[in-house]
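A short worksheet on the structure shown next.
Throughout, a chain's letter reflects where its sequence line sits, starting with A, and its residues are numbered from 1. Owing to the predicted nature of the structure, the values given are computational and were not obtained by experimental measurement.
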Number of protein chains: 2
Amino acid sequence: MGAEGLAERFGKHARLTASEQAALDRFEEQQRSYRRGAVVIREQENARELFVVRSGWLHSSVVLGNGSRQITRFHFPGDLVGLPLLAFPDSPETVTAVTDIVLHPFGRERVGALIAEHPRLGALLLSLAVADRVAFADRIASLGRTPARTRVAALLCEIYMRMRGLGTAEGGPIPLPLTQEDIGDATGLTAVHVNRMMRVLAEDRIIERRGGMFRVLDEARLCADAGFLDRSPVETGWLPPPR
Amino acid sequence: MGAEGLAERFGKHARLTASEQAALDRFEEQQRSYRRGAVVIREQENARELFVVRSGWLHSSVVLGNGSRQITRFHFPGDLVGLPLLAFPDSPETVTAVTDIVLHPFGRERVGALIAEHPRLGALLLSLAVADRVAFADRIASLGRTPARTRVAALLCEIYMRMRGLGTAEGGPIPLPLTQEDIGDATGLTAVHVNRMMRVLAEDRIIERRGGMFRVLDEARLCADAGFLDRSPVETGWLPPPR
DNA sequence: CGCACCTTTGAATGAGATCAAAGATGGTGG
DNA sequence: CCACCATCTTTGATCTCATTCAAAGGTGCG
C-alpha cells in the first residue's frame, strides 16, 4: 500500500506494450532509502540523478533571499523527482524526505535514451510534465487570489485526492506527516495561522484531526471550500503509436 | 524585432540538423492574427490547437470561483502556447492576447509526430516544459513568501529579462502593454496597491515610467529587489543524438 | 523522565484590501 | 480635427485579514 512504480503510473494513461513496460521497469533497478528529514537534492548544487518515488512522501522547496521557505510541491509514490535537472545542471530546488522513503535513482541520460527508443513514452512523459505544470498554475491561483482558509483546504484536498489515487479508503484516516510550519510554507501562511484555519475546518466538521492523521468528514464541502477543480484524466489521443 | 520562431528558440539550446530545422519550420505554415484583448483559448472549452507565438504578448489566466482572476504566465515570441492541451482535452486556462498578435496554429498530433520522428527535439521540448515548470515554481515562491514591492519588481524583472532575450536595447525603454489591474492579477495584488508599489520603485530611481513603457534605471537594484535568480541556460547534455 | 519540538491560544501590530473620488489618456465617431 | 466617453491611473481614508510576539500546554523520542 502507498507504493507505486513508474510503469503503474504510466499504465494509468496508456496501455503499455511489453517492451515499454520493460523499459520503464529498468528505471527501478537501483534502490535507495532515506530517513525522514533527509535532503535528497540540495538547491544550487550540481546533481545528476533523478528519482522515481517508490514509497513515502517528499517535498520540493525553495529558500528565498529573506530566509523564508516556500514548498512548491509534494511528491508521492510513482512520482518523478528531480525533473528540473533535465533543464538545469544545478538544482533550482531542494528535495526533502517528509517521511522515511525509498527511491529509485537513475541518470539523466536514461531519459534521453527512453525518448529515443520509445517515443510514445517520451510523449507521455511530456504529457505528465505538462500536467504538473497545470498543478503549479492551480497553486499559483490559490496563493495569489484566495484567503487563508481556502488555501489550507486546498492543500488538504490535494493530499486527500492524491492519496485516494493511490488507494486509500474512502472516509478513512489519512496520514499527515507535516508540521503546521510545513503547511504554512506550502500555503504561504504562518504556522500560527495554519493552526487557526485547521481548527476552523475541524469546528465546521469538514475534517477531523488526530495525531499525525486527518479524516475528511465532508468531502463535498472540502472540495467546495478548496475551490477544487477535478482535472479530467491525462489526454493521450495525440500520442504517436508505440514502436 | 520582437519576433521569433520555434526553430530560433530551439536553436538557442542545441545545434539543429537541417531535417530538424525543417520539421520545426513546418509548425509555422499556418498563420493567424488576433487583436489586443482577443481570447485565443477559453478556459474549460475543448480546444485542439496549440500555437507558436510569432509576435506580440499573451497571457494565461484562471478565473477562480470567487470571480477573481489570476494570471499565471506571460507568453512572448517563440513561446509555445496551449501546452496544457497535451494533457487535458479541456483547457484549464484562458489564453488572451495582450497586444495585437500573430500566431502559428498547429494540431496536437503534430507534437506526437515530431517526437516520433525527431526524438531529440522531443527531449528538448520536454526540457523546455520543465524549464517552464521551474518558472512557475519561482512564481509560487514569489506569491507565497514575498511582500508586494518585491512581487511587482519580480514581474518587471521577468519582463525585462525576457525582452532582453529577444533583443531589446540595454537601457532602452521597454513596452509595458499591461494595465495595473493586469499586473495585480499576475502578482496577487490589487490594482491600487500595484500603483503604489510602482510609484515607490520609480521614486527610488529603479525604474522610470512613461506611457505604456518603462525603463530600467538600475538593473542591479531591480534584480536584488526582485530576488531574481538567473537560471543557468537549459541543459542539453542528456539529449539523445539527432536522428 | 526530561528535553526538544510541535501545537494551541491570546493580544497587539501591520501590510495590503477596500471604498471613494479626482485626474489622465486615448480611441472613436462626427 | 476635435469633443466625448470609456478606461486607466493616481491619491487619500479606513478597515481587515494575517502576521508578529508571547507564553502556556502536548507529544514523543532518546
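A:Leu178 places its CG atom 16 Å from the C1' atom of C:dC5, with the value rounded to the nearest Å. Atom CZ in A:Arg210 sits roughly 16 Å away from atom P in C:dT7 (whole-Å rounding). Straight-line distance from the CE atom of A:Met213 to the C1' atom of C:dT7: 18 Å, rounded to whole Å. Per the geometry, CZ belonging to A:Arg209 stands 16 Å off P belonging to C:dC6, to the nearest Å.
Using a 4.0 Å heavy-atom cutoff across all strands shown, A:Arg151 reaches no nucleic acid atom at all. B:Arg36 comes within 4.0 angstrom of no nucleic acid atom, judged by non-hydrogen atoms across all strands.
In this structure, A:Thr99 and A:Ile101 have side chains that are in contact, with non-hydrogen atoms separated by less than 4.5 Å.
B:Tyr160 and B:Arg162 share no donor-acceptor pair across their side chains, judged by distance under 3.5 Å alone. A:Gln44 and A:Asp90 are not linked by any side-chain donor-acceptor pair at a separation below 3.5 angstrom, with hydrogens and angles left out of the test.
With DNA chain D read from its 5' end, the first of the two nearest nucleotides for B:Thr179 and A:Arg149 is the one closest to B:Thr179.
Contacts between residues 180-200 of chain B and DNA chain C, counted as heavy-atom distances below 4.0 Å, involve B:Gly188, B:Leu189, B:Thr190, B:Val192, B:His193, B:Arg196.
A salt bridge links A:Arg73 to A:Glu158: one of the charged nitrogens lies within less than 4.0 Å of a carboxylate oxygen. Salt-bridge annotation for A:Glu93 and B:Arg133: present, with a side-chain N of the basic residue lying under 4.0 Å from a carboxylate O of the acidic one.
Residues A:Cys157 and A:Leu222 come closest through the heavy atom pair CA-CD2, 4.0 Å.
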